[in-house]
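One structure is given here, and the rest of the page talks about it.
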Amino acid sequence: MVKKKIAVRKLNRTLLKKEGTKEVYITGKNVLMPFFGFEYMDDLPTSRKDEESKRIFEFKKNIFGENTSEMTLRVTKENNEVRLTGFEDFFAANDLKEVDQIIIECEETEGIRKYALDYLKCNNTRVLQSYETKDSYVNYSVSRNEKGAIQFTELPFPAEQYEGAYWLWDDSFNENRWNEMINKPTDICLAAKGKVYKKTVKIVKTGEVIKKLMKAKSSSVNQAVFQEKELYRIYEPVGDEWMEADFMGIRNLELTDEGSRIKLCSRDAMAFCLYEGGRE
């Protein structure tokens, strides 16, 4: 009997150290526990130095060159999370973006488990994240603590606000296709709350730019790091007017060009999924 498990993790800016964490790791108790065959959190090793944390993953693609076909990842319990660590070089070597996906596989035959690692490039996907005042570098005061480490404190009254606007994650979406869509009515299918809605929307470039603060990178190099991000607004027709589009509370809009249609859904939905099967 051969059992197989496949787990698919959507990447994001946090996993690429552009947001709130200083290191690269994947977490997700509901997927990683059954993937590695753990029943209880306390069964996991708590140190990455523990040999029990080590898992050898073979590459599905030739990633680092002919002489390297595998890498070691570590599965541990840390800060009451299940963490899978050791991805940083893998992400960098393959120029993975926030919209791409990581795929881990486990094949078990007669009690022997073999692991494999792969990725999926999603060049036809783009994510627009709704603006919050905490995104903008100018909405913070910057100081250093007694050890000289940089720290950011949100201003009580933001210096700039762009309610209802969106900024783009970094990705490799076809720029020509993107430019074709900007400022023009576009038919889309919106997947939200278990249903699919047909909408016509218009993504408008506002000409405004924010300095998107990258806290994790700032902490790593101990100086302020930000990206300049253009802002967009999205409208839909209501009667004879174009009004702000209603996406039913979705903050991270995942836009996918499927050729015959443009689909919009929540980037956060189904972010980490586990599939299991077997054969005699």
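- Residue Glu39 places its CD atom among 12 or fewer non-hydrogen atoms of other residues, nucleotides or ligands, all under 6.0 Å distant.
- Both Leu274 and Val75 belong to a single network of hydrophobic side chains, linked directly or stepwise wherever heavy atoms of I, L, V, M, F, W or Y lie under 4.5 Å apart.
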Can you list the steps and then say if Val99 with Asn12 is a side chain to side chain contact (heavy atoms under 4.5 Å, CB included)? CA-CA 7 Å; Val99 294; Asn12 56 43; over 6 Å; no
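- Salt bridge absent: Glu105 and Lys5 never bring a charged side-chain N and a carboxylate O closer than 4.0 Å.
- The environment of CD in Glu241 is sparse: at most 12 heavy-atom neighbours from other residues, nucleotides or ligands sit within 6.0 Å.
- Residues Ile250 and Tyr235 do not share a hydrophobic cluster, clusters being chains of Ile/Leu/Val/Met/Phe/Trp/Tyr side chains in contact below 4.5 Å.
- When the salt bridge (charged side-chain N to carboxylate O under 4.0 Å, His left out) test is applied to Arg13, the partners found at least two apart in sequence or on another chain are Glu19, Glu98, Asp170.
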Before giving the answer on salt bridge (Lys or Arg N to Asp or Glu O under 4.0 Å), spell out for Lys114 and Glu108 the whole-Å C-alpha distance, their side-chain angles and the decisive distance to 0.1 Å. CA-CA 6 Å; Lys114 294 183 178 180; Glu108 182 176 345; over 6 Å; no
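- No more than 12 heavy atoms of other residues, nucleotides or ligands shown are found within 6.0 angstrom of CE on Met270.
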Give every donor-acceptor pair under 3.5 Å between a side-chain atom in residues 148-164 and any protein atom, sequence neighbours left out.
from   : atom 1 : to     : atom 2 : distance (Å)
Gln151 : NE2    : Ser143 : OG     : 3.3
Glu160 : OE2    : Ser136 : OG     : 2.5

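- Residue pairs meeting the ring-ring contact (aromatic ring centres under 6.0 Å, His included) criterion with at least one partner in residues 180-229, sequence neighbours excluded, are Tyr137-Phe226.
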Between Met181 and Leu255, is the side chain to side chain contact (heavy atoms under 4.5 Å, CB included) condition met? List the steps. CA-CA 12 Å; Met181 296 170 56; Leu255 181 150; 3.8 Å; yes
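- Placement of Trp167 and Leu213 in two distinct hydrophobic clusters is found when ILVMFWY residues are connected by side-chain heavy-atom separations under 4.5 Å, directly or transitively.
- Cation-pi check for Arg126 over Trp169 is not met; the charged atom does not lie both under 6.0 angstrom from the ring centroid and within 45 degrees of its normal.
- A donor-acceptor contact closer than 3.5 angstrom links the side chains of Thr200 and Asp187.
- Under a 3.5 Å cut-off, the side chain of Asn94 and the backbone N or O of Leu96 do not form any donor-acceptor pair.
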Trace of the side chain to side chain contact (heavy atoms under 4.5 Å, CB included) decision for Thr27 with Phe272: CA-CA 9 Å; Thr27 187; Phe272 201 2; over 6 Å; no
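- Using a cut-off of 4.0 Å between Lys/Arg side-chain N and Asp/Glu carboxylate O, Glu132 and Arg251 are scored as salt-bridged.
- A 4.5 Å side-chain heavy-atom check between Val127 and Leu168 finds every atom pair outside the cut-off.
- Between Phe38 and Phe36, the ring planes lie tilted relative to each other; the angle falls in the 30° to 60° range.
- Within the cation-pi definition used here (under 6.0 Å to the ring centroid, within 45° of the axis), Lys202 qualifies as a partner of Trp242.
- Under the 30°/60° scheme for interplanar angles, the aromatic rings of Phe90 and Tyr119 are found to stand perpendicular.
- Under the 4.0 Å criterion applied to side-chain N and carboxylate O atoms, Glu254 and Arg267 are assigned as salt-bridge partners.
- Considering only heavy atoms from C-beta on, Asp100 stays 4.5 Å or farther from Phe91 through its side chain.
- For the residue pair Thr256 and Glu258, no side-chain donor N or O sits within less than 3.5 Å of a side-chain acceptor on the partner.
- In this structure, Lys10 contributes its side chain and Ile102 its backbone to no donor-acceptor pair below 3.5 Å.
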Taking it one step at a time, do Arg177 and Asn124 satisfy side-chain hydrogen bond (donor to acceptor under 3.5 Å, both in side chains)? CA-CA 9 Å; Arg177 179 70 178 113; Asn124 61 341; over 6 Å; no
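- Listed here is the closest heavy atom pair of Phe57 and Ala116: CD2-O, 3.3 Å.
- In this structure, Leu190 and Lys198 have side chains that are not in contact, with every pair of non-hydrogen atoms separated by 4.5 Å or more.
- Hydrophobic clustering of Ile, Leu, Val, Met, Phe, Trp and Tyr side chains at less than 4.5 Å, counting indirect connections, keeps Leu73 apart from Ile6.
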Stepwise side chain to side chain contact (heavy atoms under 4.5 Å, CB included) check, Arg48 with Glu78: CA-CA 10 Å; Arg48 299 177 197 177; Glu78 301 178 40; 2.8 Å; yes
